[in-house]
Colleague: 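Got a structure for you, written out below as structure tokens; questions coming shortly.
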Amino acid sequence: MQVNENFEPVIVAFCCNWCSYAGADLSGTNRLNYPANVKIIRVPCSCRVNPMFILRAFQRGADGVIICGCHPGDCHYTSGNYFTRRRITLLYSMLDFLGIERNRTRLEWVSAAEGAKFAAVMNQFVEDVKKLGPNRRLEDLRCRKQ
Amino acid sequence: MQEAMIKRAKELLADGTVNRVMGWKKGEFAYDTTPAVFETAEEIDRDFIYNDFTQANQSKYLIKESRKEGKILALLKPCDTYSFNQLVKEHRIIRENVYVIGIPGGPKIDIEKIKAKGITGITNVKNEDYTLKIETIYGVETMPFYEAVSVKCESCKSKKHVVYDELIGEGGDILDSNRFDMVEKLENMTSQERYDFWRGELSRCIRCNACRNVCPACTCENCVFDNPKSGIDQKAAADSFEENMFHIIRAFHVAGRCTDCGECSRVCPQNIPLHLLNRKFIKDINCLYGEYQAGADTTSKAPLTDYRTDDCEPSVVHERGAE
Amino acid sequence: MNKNEKDWIDITSGVNVRKCMRCGKCSATCPSYDEMEYHPHQFVYMVEKGDIEPLLNSVSLYKCLTCFACVERCPRGVEPAKVIEAVRLTAVRKQGNNHLLPDQIPDMLDDDLPQQAIVTAFRKYTK
Amino acid sequence: MLKISASNLNALFDRIAEKQTLYIPVDREPNVSEYKKYESGMTMSKALNTVRSAKDFFFPQTENLAEFKVSGKTIEVKDIRKENEDFVVFGVRACDARSFGILDKVFLSEPVDSFYKNRREHGTIVTMACTRPAETCFCTTFGIDPTVPGGDVSVFFDGENYFFLDNTPKGEAFVASVSDMLEDGDASKLAEVQENTRNIMKKLPLSGLSTDSFGGERLMEHFNSDKWAELSESCFGCGTCTFVCPTCQCYDIRDFDTGNGIKRFRCWDSCMYSDFTKMAHGNSRNSQLERFRQRFMHKLVYFPANNNGEFGCVGCGRCLSKCPISMNIVKVMKALEDK
Amino acid sequence: MQRIGVFVCHCGTNIAATVDVKAVAEALSHEPGVVVSQDYQYMCSESGQELVKNAIKEHGLTGVVICSCSPRMHENTFRKAAASAGLNPYLVEIANIREQCSWIHKNIASATDKAVILGKAAVAKVHLNAPLTAGESPVVKRALVIGGGIAGIQTALDIAEAGFDVDIVEKEPTIGGKMAQIDKTFPTLDCAACILTPKMVEASQNERITIHSFSEVSDVKGFVGNFTVTIKKKARYVDETKCTGCGLCTEKCPMKKVPNEFNMGLDNRTAVYIPFAQAVPKVATIDPNYCMMLKNGKCGVCSKVCSVGAIDYKQTDRFIEQKYGAIVVATGFNPIKLDKYDEFAYSCCPDVVTSLELERLMNAAGPNGGTLLRPSDKTHPHTIVFVQCVGSRCDDEKGKPYCSKICCMYTAKHAMLIREKYPDTEVYVFYIDVRTPGKNFDEFYRRAVEQYNVHYIKGMVGKVTPKADGKIDVQASDLLSNEQLHINADMVVLAAAIEPDKTARPLATMLTTQMDTNDFFTEAHPKLRPVESATAGIFLSGACQGPKDIPETVAQASAAAAKAIGLLCKNSITCNPCVAHSDELMCNGCSACEKVCPYGAITYQDKEFRMPDRSTAIRRVASVNPAVCQGCGACTVACPSGAMDLNGFSNSQIMAEVDAICK
């Protein structure tokens, strides 16, 4: 496979408002670097992330989608991330079953205190997606940028 | 069997237990049976049929029928009872308005499998001791019964009726089926092989919605794919992405609710093995969250509306075997 | 201060000496304490400071029985025995060579040698 | 008549495919066929007909019509129409060949559908006479002779050789372009084959089906029939019948925002769908009964009323074998016809 | 047509140094619907807000996008500004170009590109924002305090003082908690009972305070201002209303070999018991694990001797349901179990005790009536070794990573008390660090060293070995003199780490509050909101939030009370309008949403609908109680038909953001 050195993946990160979004803020406050490829969408809870959003992101040109939520047991809404964990595990497993590269998707628990973890996770994820190259298996050709 | 069913149906109509009977109506050929509602004994005598071709899962019709005046008799095969139960659980079928008779199930025959042998001009199909005698305008052909068994019956999961008011014939047991073999085979392929497999299958999709509309788990008042407000509505797949999207989301929406009745694959005009997507979810749920059979009862918590604090992390997906 | 040597000990021991909170429990628990010139907690502290030369030249190096009592008891998971082992290894490597080969050990056994030393020797050479 | 031996058919395909795109029916699974772009080595299917009809070549399921780009306050419209390349569809059956005439009436009457027209002009239809019809066939009901399949070129098979008969100037040009591979042959056996097939057609279970009870003049009578409720009762409202039908021509036009512009496309639609022809006020047909009735009324009553008595069905039998609950036009006709 | 204003903040140089703010404003001005796009030095300043307000009025804006710091910082600021200019506050969106852009990235070009995309996503979202009105929900004027230790008592007293009803739920038969077990308090050495028991009595006599002793919280529903709590009143087999606390039953009970938990198991009590003399409520409790009557129906002595007929062997657990406006958690702490510390011989040697056990041994109401005797042979100990940091500051699974905070001080106290009462006793304290921040704390410790001659040795005990002669060999290192010591001791006292009570974790789940990895409740803000949990209406009091000594606990308890009073004073509170709602026309009534709702906010009803085919049908449809819904969105994904959507984070809004980002 031809690896494009200049490939800059589009990464969509869904972050729950209470933990991960605050964790992302903290990594900013601590001036911890991660690539600009990552764009964060704030959701109240990771359980708000509908599989439709994930597919939509891939359709519109995302090369990787990551969901971040509170650690299990720490959900601001008690149980939201437990549902997330089941739903997203099954969805990712299905995407894998359909032959979509499994490293394009990820779910991570990042607490409000884990600014360093947030940055590390994002660095790693961007690197993984870069290795995979552009999303071709789950893209909508009509949306491909010329 | 057909006689016993007709007899009992007429009795129940006569004694006023029910005012309608849901059954199958004979068609133009030996094999084209249509689900139908009978209101009189005469209609039943004239058109009622139950044979090797009466495959259709009738439970979905009962959503509407159970909301009509009076009680309806439903003749449910073991697999149909799971769908029925699931619909009762989701408050879609009003249980009190249905009188359920459990009837023996398959194996049923798929006419397409006979036609695939090049047999055409079929005028009659007889099952003579598990050899099919197929009369055609080009002469009589024979083939072993089991070679014509429909895909959904090949991997029958249960002969047990999970809900009924009475049984005709004998009740059965849950079977040790091989239904996950193909899923497993796919899981053992490489990512690229799986991708190629599914592209080959899903690219044939013509979005006729037969799979969705026949599915007893797809009972939404308005499907997200028909609802412009959902943002993902589509009438035809304008891109391979939309083919994937439709089937992923459909499978996801019925995950934990699909009873694996196999209707989706049966009705697909393009023979796409859609049941594999549902079975993948079922297999994952069984492996990761404990055995669960949708429709087996009406009280247990569905796997996707339930959780355990020590559920596995999604990394199990990433850590599975080779890419 | 010998930075390289310190780094080398950090790597070979796999111990983060900065985790030490100087409670001295390692030395409090050490059966060879009285034999030693530098005690386990001093090993940890001196390695942290990079003050390794005195350790290399000290008999303490060979008094450690590698009984792992300190490792077991340390509340911070510092694992002093591994540090001592790493220093010992540094000393051995400094001599240019491993002078002791596994097959040579049996011949060197005598009745006065403590059992633990034999065990240590095996532990060291089976790696 | 010009002929080619069965063993040379693939050589002929190779020749055709050199100059233009060639589509032939090939088996996807045993006796399940679909049209594929010909590539050397492919074998033509022996199945009676393809699962999907041949209308796809002229009226594809989805098709881009125009593109827009919005920048600031201006909208740029991009005409994406372009001349099609010539192509050949080989092995079309008589029923599908007739369907093109029906589609033509819709798409080529004013206002002409330029996308459809373009494809029609560039497509050459090579038909194939039927020899082994199935029990679901009822093309004769609509006056179609499956042994004389029509199209630009008719092809007949007598068991050993394929015979070519051009019906149109386009067909003539096609035959001429490959004439060096064809040879004059004795077509005497053909008449026998055709007669045999016609006899089989008479023996088919649906041979007695007639259109006598249908047509424009029976509109209100059929519309108000009390049979529709029972007929439509088990219909799930899927679009299988519509999408495998060679004559269904309804479509929806939609805009898709790609993020970098708008693509306007059309896609097949089905009158069986609950959101078919949905307008601001809602749906025009709100119950499955109405929608079900629409499809069959259109084929059997409305279409002939507007097209000099020509029916909107060609009797290919696809809907008979593909309907999930085996409800179909034949059952509708039998229920409604004069007894 | 939308009229959107975009405002890009420089945040001094915080944003402007790495993001070309002018270019961002320029780029966003071309987005559809954007009519004004400006940048400014400090958008959150008064003049910055003025800029936004003027633009709203001048351009008749229908939506506002602020490109600035995190919405967690100033979303409310700008919502308020918009509201004051007449724009619905929920038509404001924030693009986080500081924490999630300028502070992260160094390259100006890529940071600017990203800021533009984040701005575009916010513009795309604000296009779909709907004006929302926050509803109001009434506040129940009653507070619940969970835990009846000094923290809970203090909180309850303060809230009652302010005029609100308070219930205390205490899982033990009496309130008082750990403080009731303590002998003397540092740094004043006054008697714990003397200052605690009056407060216990005060609580029991305050008519606004209801004490549910021997009770547990079994379920919590609802939300700030309107919690519904189910309290399980465990069967104590004694009618609380009849029992006079005379104690006759406890004297007559034949089952006398029950380990007395109040005295840390150092002596025994009877099966029917009153934990200690000043217990509140002073009511007997029967321990069903030991009571012969309850176990095999043979005895019944207590019932016979009880003159008021308070004994009721048939009593069962009772559940009462009560509504509260605020909940204060005061579940306290326990010393950790030391059975994993083999080196200290705690499990095998009775003369190795924990500090809390020492408290009981020295207490006048303790097993030895206040005389310090060795548990093993009841002789007077002459050498006592204290070991600090047992399980505290540990990096392994055996212990806790934090400092337990109170041990240095109580050990100094113990050492001092022993030296004062028994001057012939040698006292050694092995410490790693002596931590005495607090008023008069270091002076106290110095007194122990200088005045009372306690031997403080820097170093840790490595090994404690009981010897055949009843003595205990303590092997330790003296780090300062660099030698290994062996002390021939009579007693060893271990300063065990403290940990949150085990009931706290399930309680946190019920309360939907967060905990840290050590099971201490997490405060809403470590500095600015130390007594509130992140869940509205739940407050934290005492050691459940972190290790604390008594003065600190009391201070925090009063602070939590003040916060709770602040809430209870309000007649109603504004609800979050970003809640779920169901489109009844699309709802299938399948109950999937109901099953995932953690708040029970979703209910179903049968409603009559006119169907598209003009028929009428009765359909089961979901409806959301906006006052109960907290807006997590779990239901929106459980709903297959998409009937359930979330205000402020609707499907279309999130997809618009996705589209804008991926474009």
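In the text below, chain A, chain B and the rest are named by the order of the sequence lines, each starting its count at 1. Reckoned from all heavy atoms, side chains included, excluding hydrogens, waters and symmetry mates.
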Colleague: Quick one: of B:Gly27, B:Cys223, B:Gly121, B:Ala36, who has the most non-hydrogen atom pairs under 4.5 Å with chain D?
Modeller: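 Highest number of heavy-atom pairs under 4.5 Å: B:Gly121.
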Colleague: Does CZ in B:Arg67 sit with more than 12 non-hydrogen atoms of other residues, nucleotides or ligands closer than 6.0 Å?
Modeller: yes
Colleague: For the candidates D:Ser274, D:Ala47, D:Ala134, which exhibits the highest count of non-hydrogen atom pairs separated by less than 4.5 Å from chain B?
Modeller: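 Maximum pair count with chain B is reached by D:Ala134.
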Colleague: Using 0.5 Å steps for rounding, measure from the OG1 atom of B:Thr120 to the CD1 atom of D:Ile200.
Modeller: 10.0 Å
Colleague: Counting C-beta onward and ignoring hydrogens, is there a side-chain heavy-atom pair between B:Gln270 and D:Val51 closer than 4.5 Å?
Modeller: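 Touching, per the 4.5 Å side-chain cut-off.
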Colleague: In terms of heavy-atom proximity below 4.5 Å to chain D, should B:Asn227 be classed as side chain, backbone, both, or neither?
Modeller: neither
Colleague: Is the shortest distance from a Lys or Arg side-chain nitrogen in B:Arg204 or D:Glu34 to a carboxylate oxygen in the other one below 4.0 Å?
Modeller: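 No salt bridge links B:Arg204 with D:Glu34.
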Colleague: So which atom in D:Asp275 and which in B:Lys235 form the shortest heavy-atom distance, rounded to 0.1 Å?
Modeller: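 That would be O-NZ, 3.5 Å.
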Colleague: Charged N to carboxylate O under 4.0 angstrom, B:Lys25 versus D:Glu230?
Modeller: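 Result for this pair is yes, salt bridge flagged.
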Colleague: Between chain D and each of B:Arg207, B:Glu263, B:Arg212, count heavy-atom pairs under 4.5 Å; write down the option with the most.
Modeller: B:Arg207
Colleague: Taking every heavy-atom pair that is under 4.5 Å apart, which of B:Asn222, B:Ile137, B:Ile122 has the most such pairs with chain D?
Modeller: B:Ile122
Colleague: Name the region of D:Thr240, side chain, backbone, both or neither, that has any atom closer than 4.5 Å to a heavy atom of chain B.
Modeller: both
Colleague: So among B:Cys268, B:Pro269, B:Cys208, which one has a side-chain contact (heavy atoms from CB on, under 4.5 Å) with D:Lys322?
Modeller: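 Of the listed options, the one satisfying the test is B:Pro269.
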Colleague: When heavy-atom pairs shorter than 4.5 Å are enumerated against chain B, which of D:Leu320, D:Leu48, D:Thr242, D:Asp252 gives the highest number?
Modeller: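 So the answer, after comparing D:Leu320, D:Leu48, D:Thr242, D:Asp252, is D:Asp252.
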Colleague: On a heavy-atom basis, which atom in B:Gly118 and which in D:Arg132 lie closest, and how many Å separate them?
Modeller: O-NH2, 3.6 Å
Colleague: Nearest 0.5 Å, what's the CD-CG distance between B:Glu28 and D:Leu209?
Modeller: 8.0 Å
Colleague: Check this for me: D:Glu39, atom CD, are more than 12 non-hydrogen atoms of other residues, nucleotides or ligands nearer than 6.0 Å?
Modeller: no
Colleague: Pick whichever of B:Ile119, B:Thr123, B:Asn271 has the most heavy-atom pairs under 4.5 Å with chain D.
Modeller: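 Option with the top pair count is B:Asn271.
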Colleague: Got a sec: does the NZ of D:Lys36 have more than 12 other heavy atoms crowding it under 6.0 Å?
Modeller: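 No.
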Colleague: Which heavy atom of B:Tyr138 sits nearest to which heavy atom of D:Pro133, and what is that distance?
Modeller: OH-O, 2.6 Å
Colleague: Most heavy-atom pairs under 4.5 angstrom with chain B, which of D:Ser321, D:Cys267, D:Gly239?
Modeller: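 It is D:Gly239.
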Colleague: Side chains of D:Cys238 and B:Val214: does their closest heavy-atom pair fall under 4.5 Å?
Modeller: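 No, too far: nothing below the 4.5 Å cut-off.
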Colleague: Grab the two heavy atoms, one from B:Tyr31 and one from D:Thr136, that are nearest each other, plus how far apart they are.
Modeller: OH-CG2, 3.7 Å
Colleague: Donor-acceptor pair, distance only, cut-off 3.5 Å: does the side chain of D:Ser326 make one with the backbone of B:Thr34?
Modeller: no
Colleague: Say you draw a straight line from CG of D:Leu206 to CZ of B:Phe29; how long is it, rounded to the nearest 0.5 Å?
Modeller: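 Rounded to the nearest 0.5 Å, the CG-CZ separation comes to 4.0 Å.
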Colleague: Using non-hydrogen atoms only, which part of D:Tyr251 is less than 4.5 Å away from chain B: side chain, backbone, both, or neither?
Modeller: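 For D:Tyr251, there is no contact with chain B at all, as no heavy atom is under 4.5 Å.
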Colleague: For the pair D:Glu29 (side chain) and B:Ala116 (backbone), establish whether a donor and an acceptor sit closer than 3.5 Å, ignoring hydrogens and angles.
Modeller: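 Answer holds: no.
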Colleague: For the NZ atom on B:Lys68, are there more than 12 heavy atoms of other groups (residues, nucleotides or ligands in this structure) within a distance under 6.0 Å?
Modeller: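 More than 12 heavy atoms, drawn from other residues, nucleotides or ligands, come within 6.0 Å of this atom.
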Colleague: Supply the atom-to-atom distance B:Asp239 CG to D:Thr258 OG1, rounded to the nearest 0.5 angstrom.
Modeller: 11.5 Å
Colleague: Output the option from D:Lys46, D:Arg254, D:Met327 having the highest count of non-hydrogen pairs under 4.5 Å with chain B.
Modeller: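 So the answer, after comparing D:Lys46, D:Arg254, D:Met327, is D:Arg254.
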Colleague: Out of curiosity, B:Met22 CE to D:Glu233 CD, how far, rounded to the nearest 0.5 Å?
Modeller: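 Between atom CE of B:Met22 and atom CD of D:Glu233 there are 7.0 Å.
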Colleague: How long is the gap from CD1 on D:Ile325 to OG1 on B:Thr33, to the nearest 0.5 Å?
Modeller: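 The CD1 atom of D:Ile325 sits 9.5 Å away from the OG1 atom of B:Thr33.
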Colleague: Any carboxylate oxygen within less than 4.0 angstrom of a Lys/Arg side-chain nitrogen, looking at B:Lys115 and D:Glu135?
Modeller: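 Looking at B:Lys115 and D:Glu135, the cut-off is met.
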Colleague: Might you point out which heavy atoms bring B:Ala236 and D:Thr62 nearest each other, and give the distance in Å?
Modeller: CB-CG2, 3.6 Å
Colleague: For D:Phe236, does its backbone N or O pair with a side-chain atom of B:Asn213 as donor and acceptor, under 3.5 Å?
Modeller: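 Such a contact is found between B:Asn213 side chain and D:Phe236 backbone.
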Colleague: So does D:Pro324 get a backbone contact from the side chain of B:Arg266, meaning a donor-acceptor N/O pair under 3.5 Å?
Modeller: yes
Colleague: For the residue pair B:Cys205 and D:Gln61, what are the closest heavy atoms and their distance?
Modeller: O-OE1, 4.5 Å
Colleague: Pair D:Arg52, B:Ile206 - check side chain to side chain contact (heavy atoms under 4.5 Å, CB included), show working.
Modeller: CA-CA 9 Å; D:Arg52 297 178 70 166; B:Ile206 57 172; 3.4 Å; yes
Colleague: Will you find, in the side chains of D:Tyr273 and B:Asn209, an N or O donor that is under 3.5 Å from an N or O acceptor?
Modeller: yes
Colleague: Only pairs of heavy atoms separated by less than 4.5 Å count here; which of D:Pro30, D:Ser270, D:Cys241 has the most with chain B?
Modeller: D:Pro30
Colleague: Counting only non-hydrogen atoms closer than 4.5 Å, does B:Thr136 touch chain D with its backbone (N, CA, C, O), its side chain (CB onward), both, or neither?
Modeller: neither
